[in-house]
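Working notes for the structure below.
The shown structure was predicted, so the numbers you read here are calculated from the model rather than taken from an experiment. When a ligand or atom number is given, it counts from 1 through the structure's own listing order. Numbering starts at 1 and runs along the sequence shown.
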Amino acid sequence: MICIPIIANNLDDVLRDMAEASKCADIMEIRLDYLKNPDLRSILERRTRPVIVTNRPVREGGKFNGSEEERIEILKLAIRLQADFVDIEHDSIHYIRKDAAHRVPTRIIVSYHNFRETPDDLNTIYRKLSSCDADIVKIVTYANDITDNIKIYRLLRQAQLPLISFCMGEYGVISRILYKKFGGYLTFASLQKGKESAPGQISIHELLHVYQARNQDKNTALYGLIGNPVAHSISPVIHNTLFKEMHLNNIYVPFRVDKIGEFIREFRALDVKGYSVTIPHKESVINHLDAIDPMAGKIRAVNTVVNKNGQLVGYNTDCKAAIQALEDVYQASGMDAKNDRLKGRRVTLLGAGGASRAIAFGLQERGAQVTVVNRNYERAQSLAGDVGCFSKKSDDLPSLEADILINATPVGMFPEVNETPIDRGLLKPGMIVFDTIYNPMETRLLREAKSQGCKIIGGLPMFVNQAAAQFELWTGLKPPRKLIENIANKKLHGE
Ligand code: NAP
């Protein structure tokens, strides 16, 4: 079930939000502690969905600052008025007489909130709460690390009573999204952004439309993005739309990871079927996998992990994705036979980080003459040594003759959109200029290259290619490229 908390501070707004919430939620939580003079009778009479009545005190993260007696009286009234559920904090449950609660249809939720951490021993807390003779137990904690979600998962797997349990905070978002897979009784989602009743709560729109909450179940296969930060990634919307379009019972979520080793070890419990990997874990993840594809091993960076019967295997789809983006330009111009399009081309590659490594190895394999240029020259030399290509100092750029110029640095990326990695005077007509940056889609480098008569390629085709290759590695199915492109376009234009 999905529950929307109603956190308005006057009756009219409560009724308006209840009407709105009843269009998409199964149940609502009326947070009386947000209301000045709660007219509980009117609220309950006009409900169109089951409601949980909550009157949270400040000590448990709520807003009710009257006396405990007043607070409990309101909850007792909710029981007399036959509210569907009443939430009572674990340290106040003794105020509600069992017989009073059980003569009426109201179901009692006994709750525990911890806004600081997710304690190791959640079972002890669960045992204490489940001995209170409540109908439903609620244990909500704060995640300080992504692995705290696994504690909640383990707790939910063992619970005998219906249990609402998830982690708050950004690290805990996945436990809210995956509540069905984890076995939770319900999850909370805000009516809209800005109406959250707790940290980390996502909107009902995101839960239903990005994370397909209605289609998830216990058997939904899990995929996700490992990185930090991950909150603004467009990968969840892309892969979840593809899963939906292709009728796959899969879900893709963002994992904000600090300690990659611990994450990989702990999340084996969830049997995650595949990962995308992004900054800063593309290199460090390798030490924690069971096997590496030879090309990813050469590049020494993994951006895709596939779970093959419990074995985590690392791949690099950036390499093929960038090469394909370049080859497509030659194909579109009717130049050269496939696989031969890059042979002998003189390529100046700016940057010596993960993306550059992937592109340099791919170009070398295709027979291009690559020169790596990097701010830190030692890094350029080291990459050139690994690949078997050339390196130059940034000062030597003016003397370089190139058929293709590739920017694999973040120079020009949002928000520094007025920056460019190379002087426009060095861009020659007929040159192919490929900027791997996709936000913005047209960088200053590309604008200047276009005005100099160069052929340009933005970072979007590479992004689309690597996402499609990932999807294929995970599912064995070719996804509709056009769909990925459309979603990425929309998202990057802020829609
Ligand atoms: P990375 O591993 O952090 O490497 C960044 C590289 O850029 C390093 O060589 C660094 O030089 C250089 N650099 C950073 N800031 C610079 C500056 N102000 N001036 C000059 N050089 C600078 O990052 P990455 O993963 O390779 O990503 C690099 C770029 O590729 C990003 O813009 C990313 O968006 C893009 N990318 C695109 C796709 C796609 O699908 N389109 C995929 C992956 C990456 P030092 O060695 O001197 O620090």
Side-chain angles (χ1 to χ4, degrees), residues 225-230 232-235 238-239 276-286 296 299-304 315-326 328-329 348-362 370-384 386-387 391-397 405-423 433-446 456-471 481 484-485 487-489 491-492:
L225 169 67
I226 299 173
N228 196 357
V230 287
H232 299 291
S233 168
I234 63 173
S235 295
I238 288 177
H239 287 297
S276 313
V277 187
T278 188
I279 292 169
H281 300 303
K282 282 186 181 181
E283 289 158 45
S284 52
V285 72
I286 291 177
I299 297 167
R300 291 209 305 269
V302 157
N303 77 331
T304 307
Y315 294 85
N316 190 306
T317 64
D318 281 339
C319 172
K320 225 170 111 188
I323 300 304
Q324 193 184 333
L326 273 169
D328 285 350
V329 169
T348 297
L349 178 57
L350 307 179
S356 276
R357 287 190 70 84
I359 296 170
F361 277 101
V370 184
T371 304
V372 181
V373 178
N374 192 45
R375 180 174 65 174
N376 173 339
Y377 181 53
E378 275 176 21
R379 243 181 132 190
Q381 280 180 306
S382 160
L383 172 55
D386 290 348
V387 174
S391 61
K392 289 271 186 210
K393 294 186 173 160
S394 306
D395 298 346
D396 296 330
L397 264 177
L405 173 86
I406 303 174
N407 176 34
T409 78
V411 181
M413 189 161 80
F414 181 84
E416 311 295 341
V417 294
N418 290 323
E419 311 234 321
T420 183
I422 190 167
D423 194 71
V433 176
F434 173 17
D435 199 339
T436 61
I437 293 171
Y438 55 84
N439 186 14
M441 279 197 250
E442 192 168 274
T443 56
R444 177 174 159 196
L445 170 66
L446 294 182
I456 61 166
I457 314 173
L460 192 62
M462 176 178 169
F463 179 80
V464 171
N465 293 343
Q466 63 80 27
Q470 260 177 7
F471 190 89
R481 274 187 49 97
I484 305 179
E485 210 174 297
I487 302 165
N489 257 313
K491 282 277 150 196
L492 293 169

**OP:** List the steps and the verdict of side chain to side chain contact (heavy atoms under 4.5 Å, CB included) for L460 and L492.
**Re:** CA-CA 10 Å; L460 192 62; L492 293 169; 3.9 Å; yes
Only pairs under 3.5 Å count here: list side-chain donor-acceptor contacts from residues 409-422, not counting sequence neighbours, and write none if there are none.
residue: T409; atom: OG1; partner: N407; partner atom: OD1; Å: 2.8
residue: T409; atom: OG1; partner: V411; partner atom: N; Å: 3.1

**OP:** Taking ring-ring contact (aromatic ring centres under 6.0 Å, His included) as the test, write out the residues that go with H281, two or more places apart.
**Re:**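 Counting only residues at least two positions away or on another chain, H281 forms no ring-ring contact (aromatic ring centres under 6.0 Å, His included).
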Note down each nitrogen or oxygen pair, ligand 1 side and protein side, whose separation is under 3.5 Å; give only atom names and the distance to 0.1 Å.
residue: ligand 1; atom: 2 (O); partner: G354; partner atom: N; Å: 3.0
residue: ligand 1; atom: 9 (O); partner: A352; partner atom: N; Å: 2.8
residue: ligand 1; atom: 9 (O); partner: G353; partner atom: N; Å: 3.4
residue: ligand 1; atom: 9 (O); partner: N374; partner atom: OD1; Å: 2.9
residue: ligand 1; atom: 11 (O); partner: N374; partner atom: OD1; Å: 3.2
residue: ligand 1; atom: 18 (N); partner: R375; partner atom: NH1; Å: 3.4
residue: ligand 1; atom: 26 (O); partner: G354; partner atom: N; Å: 3.1
residue: ligand 1; atom: 26 (O); partner: A355; partner atom: N; Å: 2.8
residue: ligand 1; atom: 30 (O); partner: T436; partner atom: OG1; Å: 3.1
residue: ligand 1; atom: 32 (O); partner: T409; partner atom: O; Å: 3.4
residue: ligand 1; atom: 40 (O); partner: F463; partner atom: N; Å: 3.3
residue: ligand 1; atom: 41 (N); partner: T436; partner atom: O; Å: 2.9
residue: ligand 1; atom: 41 (N); partner: G459; partner atom: O; Å: 3.0
residue: ligand 1; atom: 46 (O); partner: N374; partner atom: ND2; Å: 2.9
residue: ligand 1; atom: 46 (O); partner: R379; partner atom: NH1; Å: 2.7
residue: ligand 1; atom: 47 (O); partner: R375; partner atom: NE; Å: 3.0
residue: ligand 1; atom: 47 (O); partner: N376; partner atom: N; Å: 3.1
residue: ligand 1; atom: 48 (O); partner: R375; partner atom: NH2; Å: 2.9

**OP:** Decide yes or no on side chain to side chain contact (heavy atoms under 4.5 Å, CB included) for R357 and N316, but give the supporting numbers first.
**Re:** CA-CA 11 Å; R357 287 190 70 84; N316 190 306; over 6 Å; no
Subject >> Non-neighbouring partners of N228 that pass side-chain hydrogen bond (donor to acceptor under 3.5 Å, both in side chains), sequence neighbours left out >> reply: R256, D258
**OP:** Begin from the C-alpha positions of I238 and F463 and carry the test side chain to side chain contact (heavy atoms under 4.5 Å, CB included) through to its verdict.
**Re:** CA-CA 11 Å; I238 288 177; F463 179 80; 3.4 Å; yes
